[in-house]
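Worksheet for the structure shown next.
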Amino acid sequence: MKNTLQETQLSRIKKAVFPVAGLGTRFLPATKAMPKELLPIIDKPIVQYAVEEAIAAGITELIFVTGRNKRAIGDHFDANLELEMQLAAKGKHEVREMVRNIVPEGVSCIFVRQAEPLGLGHAVLCAAPAVGNEPFVVLLADDMMKGDPLPTQELIEAYDRAPGHLLCVDEVALGEVSKYGIVVPGKQHIGSQIAVAGLIEKPTPDKAPSQLASFGRYVFEAEIFVRLRTLKPGAGGEIQLADAIDQLAQEGKVAALKCSATRYDCGSKFGYLSAIVDHAIDHPEYRDDFFALIRDRLATHDAAPVIREVKP
């Protein structure tokens with residue numbers, strides 16, 4: 001369901017939190033000096049897709065929870081007057097407008113430092129002073145979404161109909177449940193929302209209460225901060241967001257929404273590669289050439305002899 005501009009403007013949710021303090025160790029050495037969130041999908045970094053998703057849903061305050069050596073993220077969303085002047089001098093006005101409008105007028109950015117890598121729950125808690133007592137969304141840039149509508153819009157619309165803590169979920173294969181927070185389904189359902197009685201982090205397939213996995217889009221009310229402040233360290237000695245969600249869910253305060261967008265796990269190399277391929281297929285400038293390239297490569301691969309080394 002698409003919301004009208006008026007409905008978006010009337011939403012109570014205007015703040016989005018982006019936890020971007022992770023080290024990106026699965027992409028080393030590429031992420032040794034560059035934040036993983038700035039890895040490009042063709043010509044746009046992963047985190048910018050999440051930011052655009054939030055802005056399209058009516059968000060006007062972007063809160064980035066960063067870590068040491070993540071200043072480049074702030075630079076990306078800041079003005080670069082020297083670059084803009086050079087582009088204008090070369091007559092590249094369209095590119096100049098694109099660069100200067102990465103964060104459009106009326107949208108502000110706040111950067112908060114997570115001093116220690118104490119987990120996703122701790123990262124969200126670091127945003128508490130900037131969020132205050134308002135409801136807010138959390139977007140994990142690693143979970144890149146493609147579609148119409150996108151999950152942040154769907155979650156905000158669902159919140160406006162029935163306020164409360166909301167998760168974005170989808171079904172995964174039984175063999176994949178150990179990679180995600182898995183929902184314990186409740187008995188009560190409100191329209192398209194699924195009641196959540198609990199959230200189990202990375203269960204084994206035989207212990208999974210369902211195959212509904214929670215992905216990187218959430219709506220929270222300020223109560224989540226109360227839970228995070230009192231949580232004891234969980235797995236890995238970290239403050240786990242899933243543990244706070246589980247507490248709230250056991251009290252009947254959490255619901256889930258099946259989101260319709262395609263998700264790419266850009267925290268994994270194969271998911272990142274899949275996102276690049278699918279976005280290249282849809283790219284208006286490179287689509288035809290990309291298809292031709294793939295056809296040529298497949299034909300060359302099929303025709304090439306397979307040589308295997310035979311060990312004595």
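In this chain, numbering begins with 1 at the start of the sequence shown.
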- Item | Donor-acceptor pair, side chain of Asn80 and main chain of Leu83, under 3.5 angstrom | yes
- For Asp143, salt bridge (Lys or Arg N to Asp or Glu O under 4.0 Å) partners two or more places apart: Arg263
- How are the rings of Tyr286 and His283 set to each other: parallel, tilted or perpendicular (split at 30° and 60°)? tilted
- Partner set under side chain to side chain contact (heavy atoms under 4.5 Å, CB included) for Ser274, not counting sequence neighbours: Tyr264, Phe270
- Return yes if a side-chain donor-acceptor contact under 3.5 Å exists between Ser108 and Glu61, otherwise no. no
- Task: Determine, using the 4.5 Å side-chain heavy-atom cutoff (strictly less than), whether Leu120 and Phe215 are members of one ILVMFWY cluster.
- Result: no
- Message: Check whether Gln48 reaches the backbone of Ile102 with its side chain - one donor and one acceptor, N or O, closer than 3.5 Å.
- Response: no
- Query: Where is the tightest heavy-atom contact between Pro151 and Cys259, given as atom of each residue plus distance?
  - Reply: CB-SG, 3.8 Å
- Ignoring hydrogens and angles, tell me if any N or O in the side chain of Lys258 forms a donor-acceptor pair with the backbone of Val169 under 3.5 Å. no
- Indicate yes or no for a side-chain donor-acceptor contact from Arg26 to the backbone of Gly267 under 3.5 Å, with no hydrogens or angles considered. yes
- Just by modelled atom types, is the Val183 backbone N or O under 3.5 Å from a matching donor or acceptor in the Ser210 side chain? yes
- Query: Do the side chain of Arg217 and the main chain of Cys168 share a donor and acceptor less than 3.5 angstrom apart?
  - Reply: no
- Return yes if some donor-acceptor pair links the side-chain N/O of His165 with the main-chain N/O of Glu221 below 3.5 Å, else return no. yes
- Item | Parallel, tilted or perpendicular: rings of Phe111 and Phe64 (30°, 60°) | parallel
- Message: Strictly distance-based, threshold 3.5 Å: is any side-chain N or O of His279 a donor or acceptor partner for the main-chain N or O of Ala275?
- Response: yes
- Query: Is Ile239 linked to Leu23 within one hydrophobic cluster, defined over Ile, Leu, Val, Met, Phe, Trp and Tyr using a side-chain heavy-atom separation of less than 4.5 Å?
  - Reply: no
- Pair Leu228-Val124, side chain to side chain contact (heavy atoms under 4.5 Å, CB included): steps then yes or no: CA-CA 9 Å; Leu228 290 170; Val124 172; 4.1 Å; yes
- Task: Report the residue from Phe18, Phe225, Tyr159 that forms a ring-ring contact (aromatic ring centres under 6.0 Å, His included) with Phe136.
- Result: Phe225
- Message: Taking salt bridge (Lys or Arg N to Asp or Glu O under 4.0 Å) as the cut-off, I'd like each qualifying pair that reaches into residues 231-251, sequence neighbours left out, listed once.
- Response: Arg227-Glu251, Glu251-Lys253
- Message: Within a 6.0 Å radius of atom NZ on Lys44, are there more than 12 heavy atoms belonging to other residues, nucleotides or ligands?
- Response: yes
- Pair Gln114, Thr66: side-chain N/O donor-acceptor within cut-off below 3.5 Å: no
- Spell out, as yes or no, whether a donor-acceptor pair under 3.5 Å connects the side chain of Lys70 to the backbone of Val20. yes
- Please answer whether the main-chain N or O of Gly24 pairs with a side-chain N or O of Thr31 as donor and acceptor at a distance below 3.5 Å. yes
- Query: Can you get from Tyr218 to Ile63 by hopping between Ile, Leu, Val, Met, Phe, Trp and Tyr side chains that sit under 4.5 Å apart?
  - Reply: yes
- Query: Do other residues, nucleotides or ligands put more than 12 heavy atoms under 6.0 Å from the CG atom of Asp206?
  - Reply: yes
